[in-house]
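What follows is a set of notes on a single structure, which appears directly below.
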Amino acid sequence: MGGVGRMGHTPLPGIGVRYDLVTRERRRLSVIAHLDGSRTLNVYRGDDPDDTAVCLKLNAEEADTVVDALLPSHHSPNLLATAELGLVAERIELPSTSYWNGRVLGDTRMRTETGVSVVAVLRRAEAIPSPGPDFRLAGGDTLIVIGTREGVGVAAGVLGRE
């Protein structure tokens with residue numbers, strides 16, 4: 001295994017690939033990428049690969065979620081700093097059963113009623129930044145919103161209304 005912060009990998013025939021890393025804090029961890037898309041994350045107490053402190057088994061969907069959370073390109077540092085101002089950025093999925101499915105964003109009166117701004121809409125593989133009031137919502141859309149924690153909670157309730 002290389003130095004601190006270096007990723008090494010070892011093929012595991014019939015299983016997948018094991019990736020090993022030593023962190024700046026000299027913690028050893030490994031990720032086993034199984035052939036079925038699942039992952040096993042191991043954190044070790046010391047140098048002994050049998051001395052596991054934590055072992056997490058993640059299915060492919062859970063692994064994708066963790067990867068998404070770890071990718072810095074998905075999170076603007078300026079956006080995360082809004083928490084210091086009492087603001088949060090959240091994803092709210094519009095259910096297909098929502099009253100707003102097929103209606104325009106302006107009709108929700110989101111900003112007026114909740115103080116929450118919709119900064120983007122994710123639809124399938126497309127991102128629509130700064131949707132206007134005439135933007136037509138569709139079930140399955142994910143709205144990226146910014147507001148107070150309370151306002152975001154109210155907005156999620158409004159969008160989930162059937």
Side-chain angles (χ1 to χ4, degrees), residues 4-7 9 16-17 19-25 27 29-43 53-162:
V4 171
R6 282 233 165 131
M7 180 77 72
H9 67 282
V17 178
Y19 297 91
D20 296 292
L21 175 74
V22 177
T23 69
R24 276 189 330 227
E25 297 172 336
R27 296 293 307 261
L29 63 98
S30 72
V31 176
I32 299 172
H34 298 272
L35 297 173
D36 65 1
S38 66
R39 301 291 188 264
T40 303
L41 172 66
N42 294 303
V43 179
V54 176
C55 177
L56 290 174
K57 295 181 185 319
L58 305 170
N59 66 27
E61 184 179 345
E62 293 165 335
D64 284 347
T65 301
V66 171
V67 167
D68 187 53
L70 292 172
L71 283 174
S73 62
H74 288 199
H75 305 284
S76 160
N78 293 334
L79 192 60
L80 294 177
T82 59
E84 297 165 15
L85 303 172
L87 299 175
V88 295
E90 290 285 342
R91 294 174 180 226
I92 301 174
E93 186 166 338
L94 186 76
S96 58
T97 56
S98 172
Y99 170 82
W100 304 108
N101 184 1
R103 292 185 162 79
V104 296
L105 180 60
D107 288 352
T108 67
R109 298 181 45 81
M110 187 69 55
R111 190 175 300 154
T112 306
E113 300 294 324
T114 68
V116 168
S117 294
V118 177
V119 296
V121 174
L122 307 178
R123 181 175 287 165
R124 291 181 288 283
E126 182 183 8
I128 299 103
S130 304
D134 57 343
F135 178 82
R136 194 160 300 279
L137 297 166
D141 283 353
T142 299
L143 284 69
I144 309 298
V145 300
I146 294 183
T148 63
R149 170 69 55 205
E150 181 183 346
V152 167
V154 172
V158 168
L159 292 168
R161 182 179 132 210
E162 294 186 9

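Quick caveat: nothing in here was measured; it's all calculated off a predicted structure. Values below: every heavy atom of this structure, side chains too, minus hydrogens, waters and symmetry copies.
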query: Tell me, do Thr40 and Val31 make a side-chain contact under 4.5 Å, heavy atoms counted?
result: no
- prompt: How long is the span from the CG atom in Asp107 to the CG atom in Leu137, to the nearest 0.5 Å?
  reply: 9.0 Å
statement: For Ser117, the side chain to side chain donor-acceptor pair (under 3.5 Å) test, sequence neighbours excluded, returns Arg111
query: Is a side-chain donor or acceptor of Arg161 paired with a backbone partner of Gly157 at a separation under 3.5 angstrom?
result: no
field: Selection residues 113-131 - residue pairs positive for salt bridge (charged side-chain N to carboxylate O under 4.0 Å, His left out), sequence neighbours left out
entry: Arg109-Glu113, Arg123-Asp141
field: Over all atoms of both residues, closest heavy-atom pair of Ala127 and Pro129
entry: O-CD, 3.4 Å
field: Straight-line distance of Cys55 SG to Leu41 CG, nearest 0.5 Å
entry: 8.0 Å
- request: Would you sort out whether Arg27 and Val43 count as a side-chain contact (heavy atoms from CB on, under 4.5 Å), showing the intermediate values?
  value: CA-CA 7 Å; Arg27 296 293 307 261; Val43 179; 3.1 Å; yes
- prompt: Can you name the closest pair of heavy atoms from Trp100 and Leu94 and give their distance?
  reply: CB-CD1, 4.3 Å
Heavy-atom closest contact (Ala63 atom, Leu58 atom, distance): N-CB, 4.0 Å
field: Side chain to side chain, Tyr19 and Leu29, heavy atoms closer than 4.5 Å
entry: no
- prompt: With a 4.5 Å limit on heavy-atom distance, are the side chains of Leu105 and Val121 in contact?
  reply: no
task: Kindly indicate, with the supporting measurements, whether the criterion side-chain contact (heavy atoms from CB on, under 4.5 Å) is fulfilled by Val152 and Ile92.
output: CA-CA 9 Å; Val152 167; Ile92 301 174; 4.3 Å; yes
query: Considering only heavy atoms from C-beta outward, does the side chain of Val116 approach that of Ile146 to under 4.5 Å?
result: no
Ser98 (side chain) donor-acceptor with Leu159 (main chain) under 3.5 angstrom: yes
field: Met110 to Ala155 - nearest heavy-atom pair and separation
entry: SD-CB, 3.3 Å
- prompt: What do the steps show when you test Leu143 against Val119 for side-chain contact (heavy atoms from CB on, under 4.5 Å), and what is the final call?
  reply: CA-CA 8 Å; Leu143 284 69; Val119 296; over 6 Å; no
- prompt: Would you find a donor on one side and an acceptor on the other, under 3.5 Å apart, between the side chain of Arg91 and the backbone of Ile144?
  reply: no
task: Sort and list the pairs that fulfil salt bridge (charged side-chain N to carboxylate O under 4.0 Å, His left out) and have at least one residue in residues 149-160, not counting sequence neighbours.
output: Glu90-Arg149
query: Nearest heavy-atom pair of Ser96 and Asn101: which atoms, and what distance?
result: O-ND2, 2.9 Å
message: Set out, in order, the CA-CA distance, both residues' side-chain angles and the distance that settles side-chain contact (heavy atoms from CB on, under 4.5 Å) for Asn42 and Ile32, then state yes or no.
response: CA-CA 8 Å; Asn42 294 303; Ile32 299 172; 4.2 Å; yes
